[in-house]
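The block underneath contains the structure these notes are about, expressed in structure tokens.
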Amino acid sequence: MSRVLIVGAGLTGSLCACLLRRELQSKVQIVVWDKARGAGGRMSTSRPPDVSSHSVDLGAQYITATPAYAQSHHSFYSELLSAGVLQPLSCQIEGLRQQDDSKNYMTPLGMGSVVKHFLSESGADLFFEHHVTALYRRGASWEVEKKAGGSETFDAVVLTMPVAQILQLQGDVGQLLSVQQKQQLDGVVYSSRFAVALFFSPDAAFSFSWGARYVSDSRCICYIAVDSRKRNKDSPGLGPSLVVHTSVPFGLEHLERDKEDVQPIILQELHRLLPGLPEPISTKCHKWRYSQVLTSVPDCPGHMIVLDQPLLVCGGDAFCHSNFDGCVESALSMLSALKASL
């Protein structure tokens, strides 16, 4: 049985683990490590600090299927819809530029539920707060070191974290990358942004009717959503939650500042845009240093093989494009590399 380590419990990593289990079943032991305290990556759903409020999606907001991907990835959409993980997005979204015949889907339990579905299907051994710092080639296997200390050995390693974090790895990775591969990885560019969640008490009421709004008249804020409305889920006894995403220029301008210093600027602008907003019972600010991919690896190959034997392969939206279907494409292409190697 081959031991395969997937680094990153986001969408690409979780789907890759799921596909690997379905294709190779008992031939592989699948292990997933993530440095965070929970699964989801940029599709994570944040629980409220107070149980009387609704949870909130701090990263990805909904999934848009173009006609081409709705067809080529039909099995994935069908599976998630049948499981109740996805539902059509029906709330009012102000300022949405809808592409022809594209369909939008929301997640009743939050975006993190998509990742959790695939992880559950994978049967993988899942470990959080496992921050990979170095990889060393040891004959026909990889020795993988963790920040907290200790190391484990695997027959194949899949890296799905942001490209900058791949390039920071110690050990043998740097010298195994070709000059061209290094140039391609160095050329990947991400946008950065801040997200602020506001959690309200059950008696809070909003004066506007939309579920989400794209903002065009602010340098600071580009998007606001009421998560409970977005999910068609006004649960009795639960207060609403609001999420605010900053614009790409604002994120870049304030990237190196502490999120605690940036949050008041965002909230001040939010109150300008939504005067009369009730007082939240708590707030949470998150800095997405690696938000969406602006420049991906040329020709969008889906993955990059650093070494064939033992296999070391990189993937994720940076190797395709930055949305649900880009992650699916990357997971499918990494599956092909894994099947050829194991």
Side-chain angles (χ1 to χ4, degrees), residues 42-46 54-70 86-108 110-111 114 190-200 204-234 240-255 262-263 265-278 280 283-288 291-294 317 321-326:
R42 283 165 283 168
M43 288 183 77
S44 57
T45 300
S46 187
H54 208 275
S55 65
V56 68
D57 291 323
L58 278 175
Q61 292 294 299
Y62 52 88
I63 290 171
T64 301
T66 62
Y69 276 128
L86 285 189
Q87 287 180 12
L89 178 69
S90 59
C91 79
Q92 179 189 350
I93 301 184
E94 281 195 359
L96 175 66
R97 295 191 194 125
Q98 184 68 17
Q99 293 175 324
D100 292 346
D101 299 326
S102 291
K103 289 183 179 173
N104 294 319
Y105 297 101
M106 59 82 180
T107 48
M111 294 298 281
V114 176
Y190 293 83
S191 63
S192 303
R193 69 176 80 243
F194 293 84
V196 178
L198 294 84
F199 302 97
F200 297 87
F206 298 147
S207 58
F208 48 87
S209 59
W210 43 262
R213 173 183 164 193
Y214 283 92
V215 178
S216 58
D217 58 343
S218 171
R219 277 198 73 255
C220 170
I221 292 171
C222 70
Y223 174 87
I224 309 168
V226 184
D227 241 277
S228 47
R229 288 182 186 170
K230 187 186 75 182
R231 301 185 207 170
N232 291 342
K233 205 166 184 176
D234 282 319
S241 61
L242 201 69
V243 66
V244 178
H245 281 183
T246 64
S247 67
V248 172
F250 180 90
L252 191 62
E253 183 183 341
H254 298 278
L255 182 59
V262 179
Q263 178 175 306
I265 303 170
I266 300 167
L267 292 179
Q268 183 180 359
E269 178 65 357
L270 177 65
H271 286 292
R272 182 188 76 81
L273 293 167
L274 300 177
L277 193 68
T283 57
K284 181 177 185 177
C285 185
H286 185 84
K287 183 197 292 187
W288 293 107
S291 182
Q292 288 166 301
V293 177
L294 298 176
D317 57 353
H321 43 88
S322 204
N323 57 17
F324 173 82
D325 291 292

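Remember, it's a predicted structure, so these values are computed and weren't measured experimentally. Throughout, residue positions are numbered sequentially from 1 according to the sequence presented. Worth knowing before you read on, the calculation uses all heavy atoms, side chains too, and leaves out hydrogens, waters and symmetry mates.
Rounding to the nearest 0.5 angstrom, the gap separating the CZ atom in Phe208 from the CG atom in Leu277 is 6.0 Å. The CG atom of Asp317 sits 6.0 Å away from the OH atom of Tyr190 when rounded to the nearest 0.5 Å. Taking OH of Tyr223 as the start and CZ of Arg193 as the end, the distance is 11.0 Å to the nearest 0.5 Å. One distance of note links CD of Glu253 with CZ of Arg219; it measures 5.0 Å at 0.5 Å rounding. Residue Arg272 holds its CZ atom at 8.5 Å from CD1 of Ile221, rounded to the nearest 0.5 Å. Thr246 OG1 to Gln263 CD: the interatomic distance, rounded to the nearest 0.5 Å, is 12.0 Å.
Side-chain atoms of Val226 and His54, non-hydrogen and from C-beta on, never get closer than 4.5 Å to each other. The shortest distance between side-chain heavy atoms of Phe206 and Arg229 falls below 4.5 Å. At a threshold of 4.5 Å between non-hydrogen side-chain atoms, the residues Val243 and Ser241 do not count as touching. Side-chain contact between Cys220 and Ser247 is absent, with no heavy atoms from C-beta onward closer than 4.5 Å. Side-chain atoms of Leu270 and Leu242, non-hydrogen and from C-beta on, do get closer than 4.5 Å to each other. Side-chain contact between Arg213 and Leu274 is present, with heavy atoms from C-beta onward closer than 4.5 Å. Asp227 is not listed as a side-chain neighbour of Thr45, based on a closest heavy-atom distance of 4.5 Å or more. Proximity of Asp57 to Lys230: side-chain heavy atoms (C-beta onward) are separated by under 4.5 Å at one or more points.
Below 30°, between 30° and 60°, or above 60°: for Phe250 and Phe194 the angle between ring planes is above 60°, a perpendicular geometry.
Here Phe324 and Tyr69 keep their ring centres 6.0 angstrom or further from each other.
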